[in-house]
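We name chains A, B, ... by the order of the sequence lines, and we start the count at 1 in each one.
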There are 2 protein chains.
Amino acid sequence: MAARHEEIAEELRRAIDDGEYAVGALLPAETGLAGRYGVSRGTVRQAVAALTAEGLIGSRQGARRVVLASRRSQSFEELRSFAQWARAMGRRASGLVVARERRRATAEDVARLQLRDDGEVLHVLRVRGLDGERVLVERTVYADWIAPAVERVEDDCESVTARLYQETGLVFAYGKHLIDAVSAGARDAELLGVRRTSPLLRVRRVTTTAAGRPVEWSDDRYRPDAVNFSVHNSIGSNPLARQAGPGFGG
Amino acid sequence: MAARHEEIAEELRRAIDDGEYAVGALLPAETGLAGRYGVSRGTVRQAVAALTAEGLIGSRQGARRVVLASRRSQSFEELRSFAQWARAMGRRASGLVVARERRRATAEDVARLQLRDDGEVLHVLRVRGLDGERVLVERTVYADWIAPAVERVEDDCESVTARLYQETGLVFAYGKHLIDAVSAGARDAELLGVRRTSPLLRVRRVTTTAAGRPVEWSDDRYRPDAVNFSVHNSIGSNPLARQAGPGFGG
DNA sequence: AGGGCGCACTTGTTCGAACAAGTAACCGGC
DNA sequence: GCCGGTTACTTGTTCGAACAAGTGCGCCCT
């Protein structure tokens, strides 16, 4: 958080959270904020652009900016890491590796992880809990070049993300998430302690480094009574997309 | 699309789509693009910032930008409007109003739609189809000030969004989406032609105008074999957030 | 051959300025 | 009292410039 525009964005977020600017209220004009913080108008615009992307404030040319919401979305790190997310909410996360094995990479693995040849990948099946209650089954496939570091992580490690950063300096930078719903089935029902026909919220995701190199892909199934997802969007930036399912030949 | 930086962003998107810049390839430097398009570096930065937010390209200080994906996410309008989305995919959307009635606004309606008093709201239950197959049950609550325009829309109208824009000039600008999974239940099962225990993908959303005024909120339930959702995010911008479900006292 | 250093290149940050375009409030005429 | 135009304010767009900070490659030395 060295950049001045990030500092200003954070101050504005706090001001909105603290109620200094209530929902529906008007933010000061750009020139006013520039004067208050002693920066140019361009720097202020970078700050408010961040809040706009987060869905906190709305803006129209000619009119003052409006506060739309008060709570900001989670940081990327909190979304990536189940443990960090739980800690930020004041809950305790647990995790246990049920199975772990190296397998020959399938065509799907090669495509999703952009592997050169079809060498080996590392499959890990984890069950994760929130305050002792099991809420998530996680099936992750790691690329070969990160697999050794993952294998050194102990089975009941709370935060794999933090462990990998400590060991290798690896930073997750981009993610793509595909969301749908499935029935639990026999295996997941047993692991989560729910009925076989219970609906689960499935998130299939691919995570890459800042250089665009895929690190892992995962099939996560959440108990929908315990966890759900929210997305903000606007005319200016729309990261959420609807897709025709495979059953429809999309 | 008057702004030069938007034109440049669109040209870059097309170039990536057409394979001029393949996935994994390096984009030209900012100064190079600035020269090619005859604009300043700042304008190029606005263009590439848009693509970065869309998850198409990645960027790190000091290194050239990398192409991460080739297909861009849908526009806000396509997400908002089921009909426009279907048309963009070359499919035919249908829609039928099953029930429509004015009701006294509940406390939830007042909160979500930021109504002043607890007057009347308009409830509409629609079933929507893709190429004749029923895929979505939509329960929408409209604010009182837009209800008259909605009531003038015919029951089998394909695109309510387009109709409301024609009639009132109303533009939807911001959306918040809460995603989880539920079992169909007797009513939805009958409407969609699936089994009572089938999992459905539920999206509860609130849409507002550019001025931050809520227009509608809706409970949409999709057949997960027909439709699912994808989200892009990064360290820089993260619109996706995980939330503890109500069953956990979140 | 291998490792370390330095340099050229690239992105990130910030400033100041100017004009275009849209909004909202005020004011005057009917 | 209501309607419409004028006007001050605000956001959007774009330029040019300068410096900071990080990357990656080649070169040199060992």
Review item, side-chain donor-acceptor pairs of residues 172-179 of chain A, under 3.5 Å, at least two apart:
unit_1 : atom_1 : unit_2 : atom_2 : d
A/Y174 : OH     : B/S59  : N      : 2.9

Residues at least two apart in sequence or cross-chain that pass ring-ring contact (aromatic ring centres under 6.0 Å, His included) with B/Y142, listed by chain then number, are none
Those residues at least two apart in sequence (or on a different chain) that pass side chain to side chain donor-acceptor pair (under 3.5 Å) with B/D144 are none
Taken in chain and number order and not counting sequence neighbours, the residues that satisfy ring-ring contact (aromatic ring centres under 6.0 Å, His included) with A/F229 are A/Y222
Protein heavy-atom contacts under 4.0 Å, written 5' to 3' over nucleotides 8-18 of chain C as B (base), S (sugar-phosphate only) or - (none), form the string --BBBBBB--B
The side chain to side chain donor-acceptor pair (under 3.5 Å) partners of B/T140 (sequence neighbours excluded) come to B/S218
